[in-house]
Amino acid sequence: MIELIKGFKDILPEGISLWQRIETEAKTIFDDFGYREIRLPILEKAELFARSIGDTTDIVEKEMYSFEDGKRGLVTLRPEATASVVRSYIQQRMYAADPIQKLFTIGPMFRKERPQKGRYRQFYQIDAEVFGIASPYMDAQMIFMLMTLFSRLKVAGLSVLLNSLGCPACRPAFKEALLSMIEAKKEALCENCSRRLLKNPLRVLDCKVPTCREAVKEAPAITDYLCKGCDDHFSAVKEMLSGLGVGYEIDKGLVRGLDYYTRTIFEIQTSALGAQNAVAGGGRYDGLVELLGGPSQPAIGFAIGFDRLCDIMAQYEKPSQKPLQVFFITEGAEAGKQGANWVSRLNQAGVTAEMDYGERSVKSLMKRADKLDAAFVVIADGEGLEKGQVILRNMKTKEQSSISTTGITEQLQSIIVNQRS
RNA sequence: GUGGGUGUAGCUCAGCUGGCAGAGCGCUAGGUUGUGGUCCUGGAUGUCGAGGGUUCGAGCCCCUUCACUCACCCCA
């Protein structure tokens, strides 16, 4: 048997209604907030991710699905969406038409991590990006939009974590302070952190190894080192969030594993998914557009973990199924031929109808009709057909009547419509 | 990459100190000589994850290996 690849999964018909509901609700909210959909390729040049996400991040170092594509060089299955959206913003010259662009995209991402609960190697994200707006009000509005979506989907038990990473003007001072503080406790750090210390000291802050946590417990808070501009920005975000009634907590350990973030970063967390607590995350990346060769334009974005959201909602949502309206039980070749014709006509008219396609007893077919949750059963046999009559049974009331085969599909349609009202 | 857990019927799992592979659900046929749900009776389905070893005898013990899963790391 050929099985699927580790970390990949099938989304089966039973679960699909939830996916569709979330997608519909997300698209509605994006529409309400003025975002337009963009669809992008799944494959991009490896360089795009190396430059945007950062060479020393875990994603780029060891989690990308990459392969050589002849003369085109190394290509990569996208591990996240932001880089591609930025690439498109620049390449399609969107900024020329209007620097302000509010975009969203939904689709699969790929990271070669060890799978576990709430984490897959192919996972889906609902991703939104806003270009050309530097205002802190956009940061707050984005978080507000996210929380509105979750509340429309009736997802509870979420918390908003907030932090600011400063900007190229103020971050170096903080890094220095952090470094000198950690230097003193170098021995306590885990192997990973000792290595990270040189390349990316900020990351030591969100290490979960107990000794490291202890070591950085008294680490300076980056928010104490923000320059005037960043500090004002952060205050404005917090103020507007409060004004909108969005509760949040400041987490100075929140750093996030992508290099491009500046100023506001945030994460929406849940306790319903085991160790995987992030349902959505994002932040501002004012330097990225320029870094990738575009004009200097501010930007901010977030991604929702589609799979994780589904996993949470599946814990209390029952999968819904479109009920079957008519099931045909036919006996004999002629009745079977007629039945197939009627089913086709009814389906064409938007009525869900099925029939038996094999030779089985009426009893077993009634069982099947029951299993399919059919509202009505039509029983047609050769004898009845000769008289132009079939039996119609209402499965709920058990009432049976004889109906004429002339205009049967129209008759059934009107009966079903009346039944609904 | 590292650590723990689990692999037995389509699904969920039981299987004692080693002794004829089981249950529930599902599937299927019948009880009702065309009419469902409840009930009753019968039936089918197994490389016991794979390979090797110990033993008269292994689902069970030993070794190897693979898969799944949870966790670390990191993130959605």
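Everything numeric here is computed off the predicted structure, so don't read it as measured data. Letters A, B, ... mirror the listed sequences (proteins, then strands); counts begin at 1.
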Over all strands shown, is [X] touching base, sugar-phosphate only, or nothing at heavy-atom distances under 4.0 angstrom?
{"X": "A/I329", "result": "nothing"}
{"X": "A/I126", "result": "nothing"}
{"X": "A/G274", "result": "sugar-phosphate"}
{"X": "A/Q400", "result": "base"}
{"X": "A/A369", "result": "nothing"}
{"X": "A/S364", "result": "sugar-phosphate"}
{"X": "A/F306", "result": "nothing"}

Within the structure, does a side-chain N or O atom of [X] lie under 4.0 Å from either OP1 or OP2 of [N]?
{"X": "A/K371", "N": "B/C27", "result": "yes"}
{"X": "A/Q116", "N": "B/U69", "result": "no"}
{"X": "A/R256", "N": "B/A76", "result": "yes"}
{"X": "A/Q276", "N": "B/A76", "result": "no"}
{"X": "A/K6", "N": "B/C68", "result": "yes"}
{"X": "A/R360", "N": "B/U28", "result": "yes"}

Inset, instruction - Give the rounded distance in Å between these two atoms: CZ of A/R121 and P of B/A76. - result: 18 Å
Legend entry - Atom-to-atom span, CG of A/L392 to P of B/U35 - whole angstrom: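 Rounded to whole Å, this separation is 17 Å.
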Are the side chain of [X] and the backbone of [Y] linked by a donor-acceptor contact shorter than 3.5 Å?
{"X": "A/D307", "Y": "A/Y124", "value": "yes"}
{"X": "A/R284", "Y": "A/I265", "value": "no"}
{"X": "A/E354", "Y": "A/F328", "value": "no"}
{"X": "A/R51", "Y": "A/L291", "value": "yes"}

Legend entry - A/F123-B/A76 aromatic stacking (under 5.5 Å, under 30°):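 Here A/F123 meets both the 5.5 Å and the 30° conditions.
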Legend entry - C1' atoms of B/A9 and B/G46, separation to the nearest Å: 6 Å
Legend entry - Separation of the C1' atoms in B/C61 and B/A67, to the nearest angstrom: 23 Å
Given [options], identify the nucleotide with an atom nearest to the side chain of [X].
{"X": "A/A275", "options": "B/C72, B/G37, B/U35", "result": "B/C72"}
{"X": "A/A278", "options": "B/A76, B/G36, B/C73", "result": "B/A76"}
{"X": "A/K117", "options": "B/C70, B/C74, B/A29", "result": "B/C70"}
{"X": "A/R114", "options": "B/G1, B/C74, B/G37", "result": "B/G1"}
{"X": "A/M366", "options": "B/C73, B/C72, B/U35", "result": "B/U35"}

In the strands shown, is [N] matched to any nucleotide by a Watson-Crick or G-U wobble pair with both distances under 3.5 Å, and which?
{"N": "B/C16", "value": "none"}
{"N": "B/G7", "value": "B/C66"}
{"N": "B/U41", "value": "B/A29"}
{"N": "B/U2", "value": "B/A71"}

Inset, instruction - Return the residues of residues 78-86 of chain A meeting this criterion: a heavy atom under 4.0 Å from some atom of RNA chain B. Order them by number, or give none. - result: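 Contacting residues: none.
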Legend entry - Along RNA chain B (nearest heavy atom to each residue), the more 5'-positioned of A/S361 and A/K398: A/S361
Inset, instruction - For A/G305 and for A/I5, locate the closest nucleotide of RNA chain B by heavy-atom distance; then report the residue assigned to the nucleotide nearer the 5' terminus. - result: A/I5
Side chains of [X] and [Y]: does their closest heavy-atom pair fall under 4.5 Å?
{"X": "A/S52", "Y": "A/Y285", "value": "no"}
{"X": "A/L309", "Y": "A/F150", "value": "yes"}
{"X": "A/F110", "Y": "A/R121", "value": "no"}

Inset, instruction - List for me each residue that meets salt bridge (charged side-chain N to carboxylate O under 4.0 Å, His left out) alongside A/E267, sequence neighbours excluded, and say none if there are none. - result: A/R256
Legend entry - Base of B/A76 paired with side chain of A/E113 (donor-acceptor, under 3.5 Å):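 Looking at the base of B/A76, it does pair with a donor or acceptor on the side chain of A/E113 (distance under 3.5 Å).
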Inset, instruction - Record whether the side chain of A/K363 comes under 3.5 Å of the base of B/G31 through a donor-acceptor pair of N or O atoms. - result: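 Donor-acceptor pair under 3.5 Å: yes.
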Inset, instruction - Answer yes or no for A/K9 and A/Y120: cation-pi contact, defined as NZ/CZ to six-membered ring centre under 6.0 Å and angle to ring axis within 45°. - result: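 Output yes; distance and angle both within limits.
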